[in-house]
Amino acid sequence: MSLYPQIKQFLLGKTLPTSAHAEERLSNATALAVLSSDALSSVAYATEEILLILVAAGSSALGLSLPIAVAIMVLLAIVVLSYRQTIRAYPKGGGSYIVARENLGLYPGLVAGGSLMIDYILTVTVSISAGTAALTSAFPALQPFTVSLCLIFIFLLTLANLRGVKESGRIFMIPTYAFIASIFVLIALGLFKYATGQVATEYPSIPVKEGLSLFFILRAFSAGCTALTGVEAISDGVLAFKEPEWKNARLTLLYLGGILGLMFVGITYVSNIYHVVPEHGQTVVSQLGRLILGNGPFYFFVQVVTLLILLLAANTSYADFPRLCYFLARDGFLPRQLSLLGDRLVYSNGIILLSLCAAILVIIFKGDVNAVIPLYAVGVFTSFTLSQAGMVRRWFHERTPGWQASALMNGLGALATAVVLGVIISTKFMGGAWLVVVAIPVVVAIFLAIHRHYQYVTQRLSIEGLPPRSYTPRPKPEVVTHPAVVVVGQLNLGTVEALDYARTIADEIVAVHVDVGSTGGEKLKEQWKQLEADIPLVIIESPYRSVISPIVEFVSQFEERHPGTYTTVIIPAFVTRNWWEGLLHNQTTLFLKTALRAKKSRVVSTVRYYL
């Protein structure tokens, strides 16, 4: 074994067979940690975002944070109840992309998918930046290293998720539940000290920079709506639960709503009674910790678990972004590589793409939470609205028993999230939300361009209409002098040309296909009987989803049966019109040629089909 596979196995663990995929499921307790950490962790910064807006209107306006928090929790209840209807209607997973596309059409579905992709990337950026801020609040000497710390944390999260769902769930359970417990203990101790009169009785004098108005209050409300980001993750990840998946998902979503609501309102209330004013270099949770706990060990414990939950909040995106990319890639709107399972039965390419995008944003915004927050929530509320509107249309179309109550609940959810989306865009537009408003149609345009390319490739390679071909059975020569192996991925025009070429140079030909579990082996056999029956087809099962190793092993065994000859390995490959289109296809041909050329007594030939 070479050095690279050894390092890879050490970091990520042994390759898992496809048959183990069903075993990688989460219990309710683990799923709450894996899929809800984003929403739960928002209490570490959502109250602070409200206060940062209100402080401009002076100390008297800070008390408005509590009614604003209550209004946000009413919205949370509506969204949670709405998504419970979605989970019931889509027991195998009903993310915003699937719901919107099935019920509203292609373009709303792509808008929902693009919005969620952007939001997942921003979730990682915000969570990592906020977690680093919690660390630098406790240890100010680390502030100059903010960006480096963010990048290190992204790398560690990437590594943990590449190891697989079950292992990442185990890693994330302890910090998630430690954070929940520490926040409730902090709130309880704060209320106790307040009841015993150990609290400052008034806010310090703060100059008024901006007058109170409805628009101003809506700005504070929209800032606090970051508390709802991540709520949709459970409906996206229903299939990650143990059976019965949809029932467990609905129950876990209810737990999430209750825990999040209590923590958010509790932190906001305690911030009010302690008259906390946001300050640069220290988070509101850190200020509350120092006021209630002092600088003792429990304060540092709260900061550490806050750091960990904010880092792990990004795991919600790592759980759902790759799955969303899988659905889009399966439908031909993203590169097909994003639909492939990696060695540890996770969508590794989606995980790596998410990490790269988040790392770029961290570098651009220098790990500053307040700089990224204005971009936040636009995408998720867009997907909220489209998903709930899609569910309303579904109920009116299917009219199953009790559909009226379900339609009413989803309709209320769609209306509420649409209003909030309007508020967020109007209040945050000049603060940076315009970037997301512009980015969503750009992403949708990219989806459509990729889809057009795949449709073009399918049309150019299609064997539909190709008449059945009759060949005289090839007599087996007494002495084989020119054996050939043709590698077959799919039976298309490119493969047909490669087989025709093989007939002109070889006196014994065998075709080999590797079935990784998603290539339609039975369909290929039927097509083969009609078009290429004179050449034997060998189908190799690959439980570990490897293509190259089984082919190299097959060719070696074939060569052993033909000593003293040069075996020609023929690989069909199509050539795209533009170089960038090549990025939309995997590079298996390149890696396969490299692996096969390791032996000198072997000819590797590529038959190119120009699109």
Side-chain angles (χ1 to χ4, degrees), residues 26 28-49 76 120 122-139 149-150 152-154 156-158 160-161 167-188 226-231 233-234 237 252 255-268 270-271 282-289 293 298-320 358 362 367 369 372-373 376:
L26 306 175
N28 289 6
T30 307
L32 187 66
V34 172
L35 298 176
S36 304
S37 51
D38 175 22
L40 293 172
S41 69
S42 63
V43 302
Y45 53 80
T47 298
E48 182 173 349
E49 291 304 314
L76 171 66
Y120 286 143
L122 288 171
T123 294
V124 176
T125 309
V126 169
S127 299
I128 294 290
S129 300
T132 305
L135 180 64
T136 55
S137 293
F139 304 99
L149 288 169
C150 288
I152 290 170
F153 293 142
I154 289 175
L156 293 176
L157 272 178
T158 304
N161 280 275
E167 292 202 26
S168 64
R170 292 194 191 103
I171 294 170
F172 301 150
M173 278 186 70
I174 296 174
T176 300
Y177 288 108
F179 173 75
I180 293 171
S182 66
I183 291 297
F184 279 125
V185 169
L186 184 66
I187 293 169
T226 54
L228 271 70
T229 54
V231 172
I234 289 176
T252 304
Y255 290 152
L256 164 64
I259 294 170
L260 174 58
L262 288 173
M263 288 199 301
F264 180 49
V265 172
I267 286 291
T268 307
V270 174
S271 299
Q282 188 166 194
T283 65
V284 165
V285 171
S286 175
Q287 291 183 66
L288 282 175
L293 308 170
F298 191 59
Y299 161 76
F300 288 99
F301 176 79
V302 171
Q303 288 305 104
V304 169
V305 295
T306 301
L307 160 68
L308 293 176
I309 188 65
L310 283 163
L311 297 181
L312 303 184
N315 192 66
T316 300
S317 292
Y318 279 101
D320 281 330
V362 163
V369 184
V372 187
I373 283 289
Y376 210 30

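Worth saying up front: this structure is predicted, and the values here are computed from it rather than measured.
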Is a donor on one side and an acceptor on the other found under 3.5 Å between the side chain of [X] and the backbone of [Y]?
| X | Y | answer |
| --- | --- | --- |
| S317 | Y120 | yes |
| S41 | D38 | yes |
| Q303 | A134 | yes |

Nearest-0.5 Å distance, [atom1] of residue [X] to [atom2] of residue [Y]:
| X | Y | atom1 | atom2 | answer |
| --- | --- | --- | --- | --- |
| L310 | T132 | CG | OG1 | 9.0 Å |
| I259 | I183 | CD1 | CD1 | 12.5 Å |
| I187 | L288 | CD1 | CG | 9.0 Å |
| Y318 | T158 | OH | OG1 | 3.5 Å |
| L307 | F139 | CG | CZ | 10.0 Å |
| S182 | M263 | OG | CE | 8.5 Å |

Minimum heavy-atom distance between [X] and [Y], given as atom pair plus value:
| X | Y | value |
| --- | --- | --- |
| E48 | Q282 | OE2-O, 4.4 Å |
| I309 | S37 | CD1-CB, 3.9 Å |
| A178 | F301 | CB-CZ, 4.2 Å |
| I267 | V43 | CG2-O, 4.3 Å |
| Y299 | A138 | OH-CA, 4.0 Å |
| I234 | S36 | CD1-OG, 3.5 Å |

Contact between L157 and F153 at the side-chain level, heavy atoms closer than 4.5 Å - yes or no?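 Side-chain contact under 4.5 Å: no.
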Could you tell me whether the side chain of M173 reaches within less than 4.5 Å of the side chain of L32, counting heavy atoms only?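 Counting from C-beta outward, L32 and M173 never come under 4.5 Å.
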Derivation of the side chain to side chain contact (heavy atoms under 4.5 Å, CB included) call for F264 and L76: CA-CA 11 Å; F264 180 49; L76 171 66; over 6 Å; no
Can you establish whether the number of heavy atoms outside Y255 located under 6.0 Å from its atom OH is more than 12?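 No, the 6.0 Å shell around OH holds no more than 12 heavy atoms from other groups.
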Are L293 and V302 close enough, and set up right, to give a side chain to side chain contact (heavy atoms under 4.5 Å, CB included), and what steps lead you there? CA-CA 10 Å; L293 308 170; V302 171; 3.9 Å; yes
For S42 and T226, does a side-chain donor sit closer than 3.5 Å to a side-chain acceptor?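 On atom types as modelled, these side chains do not qualify, holding no pair under 3.5 Å.
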